[in-house]
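The next block holds one structure in the form of structure tokens; read it before the comments.
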Amino acid sequence: MQNNDDDKLIKIDMGTLQSNVAPNKDSVLCLGIESSCDETSAAIVDSNRNVLSHIIYSQIPEHQKYGGVVPELAARAHILAIDTVINQTLQAAGKTINDIDVIAATAGPGLIGGVLVGWLAATGIAQATKKPLVAVNHLEGHALVPRLSATAANGIGAGASVDFPYLLMLASGGHCQILLVRGVGQYELIGQTIDDSAGEAFDKVSKMLGLGYPGGPIVDKRASSGNPKRFNFPRPLCDKPGCDFSFSGIKTAARIMLDKNTQPIDDAFINDFCASFQAAVVDCIINRLNHAMATDVVRAANPKTLVVAGGVAKNSAIRAAMENLADAHNMIFAAPPMNLCTDNGAMIAWAGIENWRIGNIVREPVAPRPRWPLTEL
Ligand code: KG4
Ligand code: ZN
């Protein structure tokens, strides 16, 4: 069904675009562009893992009054911002487009209007300058960014990198998956949500409480001063074998509790509600990761590092619980710094470099894709 939809998309003629010979330099510069949701972002990253410049234009204020991202408004906002964001990124790095070796942009998955804006900008630049172009899968951007930069107490310090293979908890607004990352473009799905993503659950519970959008950071903050035992949220699938998630039951439980509630909804109520909800999400993530670590495929691969990535990786309780889990399994825990968890251009630039290194550049027309599972890479 989805593939048919994808086939209907117009393929963009790459014209005279060339697969350039690899620049013979110590350090390769990549301009990365991200526009798949509500951030217009660009960054220049080098192959030695330095971020030379990074601009993120967030559209959150434009979508806040609707309680979520409005795709049509997002696409228009990307159109208005894209040139400025790219120019500012070049200026901030003190570079011109001639200094750049590789162009990379998100080609999916995401809101297709936004993806098209960034992808067309990148295509135009690559055609005009005859530089190699990489079509980055947005999820691969999240998945690989810990190799650009990661922090954690037990092992990964500043300057260290995350080596393959690693076990990845990828949790964002649109996705929730456990993946075994064997290499660039090599992802094995171990488990995934059968309904909502974790980010969606945070956003919806925040909306029910009238706390605003995006919900994750607000719920996280409220939870930090709340009692996680006051409300009894379910832990869907946690008593079942396997590694899949389900968050819609937690969300429905929140709705029912609020509908039946007779207590005053004051600050203490909201904090306790957020803390109890968040504790349920954390328990589900840890339970499913434990199951993932026990699977034959993960045991055989023996990953040394447990990684969290995606917007939800900003969550303090999830980071702390995953760090403990890694400790218990003698694994290193790694997470991107906060500004590289939510959508950003640096992760796309880095994925551009990683793909360019293995020769994965655009050689024929590419159709941007609203859906593009990592396992199809
Ligand atoms: O990766 P991302 O920026 O966009 C997608 O690719 O979907 O993730 C955005 C999601 C939103 O659902 C947002 O509420 C969630 O990440 N998020 C958080 C936190 N910060 C952002 N969720 C929980 N705790 C946070 N601190
Ligand atoms: Zn994302």
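Owing to the predicted nature of the structure, the values given are computational and were not obtained by experimental measurement. We count ligands from 1, going down the list as the structure has it; atoms in each ligand are counted the same way.
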Open item on the list: Does ligand 1 come near enough to G174 that some N or O of the ligand is less than 3.5 Å from an N or O of the residue?
Closed with: yes
Task: Donor-acceptor pair between Q177 and Y187 side chains, under 3.5 angstrom - done: no
Task: Option nearest atom 1 (O) of ligand 1 (shortest heavy-atom distance, choices A309, G311, G216) - done: G311
TODO: Indicate, as side chain, backbone, both or neither, the part of H138 found under 4.0 angstrom from ligand 1 when only non-hydrogen atoms are considered.
DONE: side chain
Open item on the list: Show the atoms of ligand 1 that are less than 4.0 angstrom away from any heavy atom in S172.
Closed with: 1 (O), 5 (C), 6 (O), 7 (O), 8 (O)
Open item on the list: Under 4.0 Å, heavy-atom basis, I'd like to know which part of D203 is in contact with ligand 1: side chain, backbone, both or neither.
Closed with: side chain
Task: Full working for side-chain contact (heavy atoms from CB on, under 4.5 Å) between M338 and R319 - done: CA-CA 11 Å; M338 292 298 187; R319 284 170 100 102; 3.7 Å; yes
TODO: Check the side chains of N290 and H329 for a donor-acceptor pair under 3.5 angstrom, ignoring hydrogens and angles.
DONE: yes
Task: Atom name of the N, O or S atom in D343 that lies nearest to the Zn ion (ligand 2) - done: OD1
Open item on the list: Within ligand 1, which atoms have a heavy atom of G173 less than 4.0 Å away?
Closed with: 5 (C), 7 (O), 8 (O), 9 (C), 10 (C), 12 (O)
Task: Per-atom contacts of ligand 1 with T342, taking only distances under 4.0 Å to non-hydrogen atoms - done: 3 (O)
Open item on the list: With respect to G199, determine whether any N or O atom, backbone or side chain, lies less than 3.5 Å from an N or O atom of ligand 1.
Closed with: yes
Open item on the list: Can you tell me if, anywhere in H142, an N/O/S atom lies at a distance from the Zn ion (ligand 2) that is smaller than 2.8 Å?
Closed with: yes
- [ ] Scan side-chain atoms only and decide if S36 and E34 contain a donor-acceptor pair under the 3.5 Å cut-off.
- [x] yes
Task: atom 2 (P) of ligand 1: the protein heavy-atom neighbour that sits closest, reported with distance to 0.1 Å - done: D343 OD1, 3.3 Å
Open item on the list: Any nitrogen or oxygen of E200 lying under 3.5 Å from a nitrogen or oxygen in ligand 1? Just yes or no.
Closed with: no
- [ ] Return yes when P217 approaches ligand 1 closer than 4.0 angstrom through a heavy atom, no otherwise.
- [x] yes
Open item on the list: Once you restrict to heavy atoms under 4.0 Å, what part of H142 touches ligand 1? Side chain, backbone, both or neither.
Closed with: side chain
TODO: Please work out which of N315, T106, V219 has its closest non-hydrogen atom nearest to atom 24 (N) of ligand 1.
DONE: N315
TODO: Tell me, please, if H138 has any N/O/S atom, main chain or side chain, under 2.8 Å from the Zn ion (ligand 2)?
DONE: yes
TODO: May I ask you to say whether R222 pairs ionically with D267, meaning some side-chain N is under 4.0 Å from a carboxylate O?
DONE: yes
Task: Parallel, tilted or perpendicular: rings of F231 and F233 (30°, 60°) - done: perpendicular
TODO: Would you kindly say whether W372 and E376 are connected by a side-chain donor-acceptor distance under 3.5 Å?
DONE: no
Open item on the list: Would you call the rings of H142 and H138 parallel, tilted or perpendicular, taking 30° and 60° as the class edges?
Closed with: perpendicular
Open item on the list: Under a 3.5 Å threshold, yes or no: a donor from one side chain and an acceptor from the other, between N344 and E39?
Closed with: no
Open item on the list: Would you say E354 and N360 are linked by a side-chain donor-acceptor pair, where the criterion is simply a distance under 3.5 Å?
Closed with: no
Task: F269 ring center within less than 6.0 Å of F273 ring center - done: yes
Task: D220, portion touching ligand 1 at heavy-atom distance under 4.0 Å - done: side chain
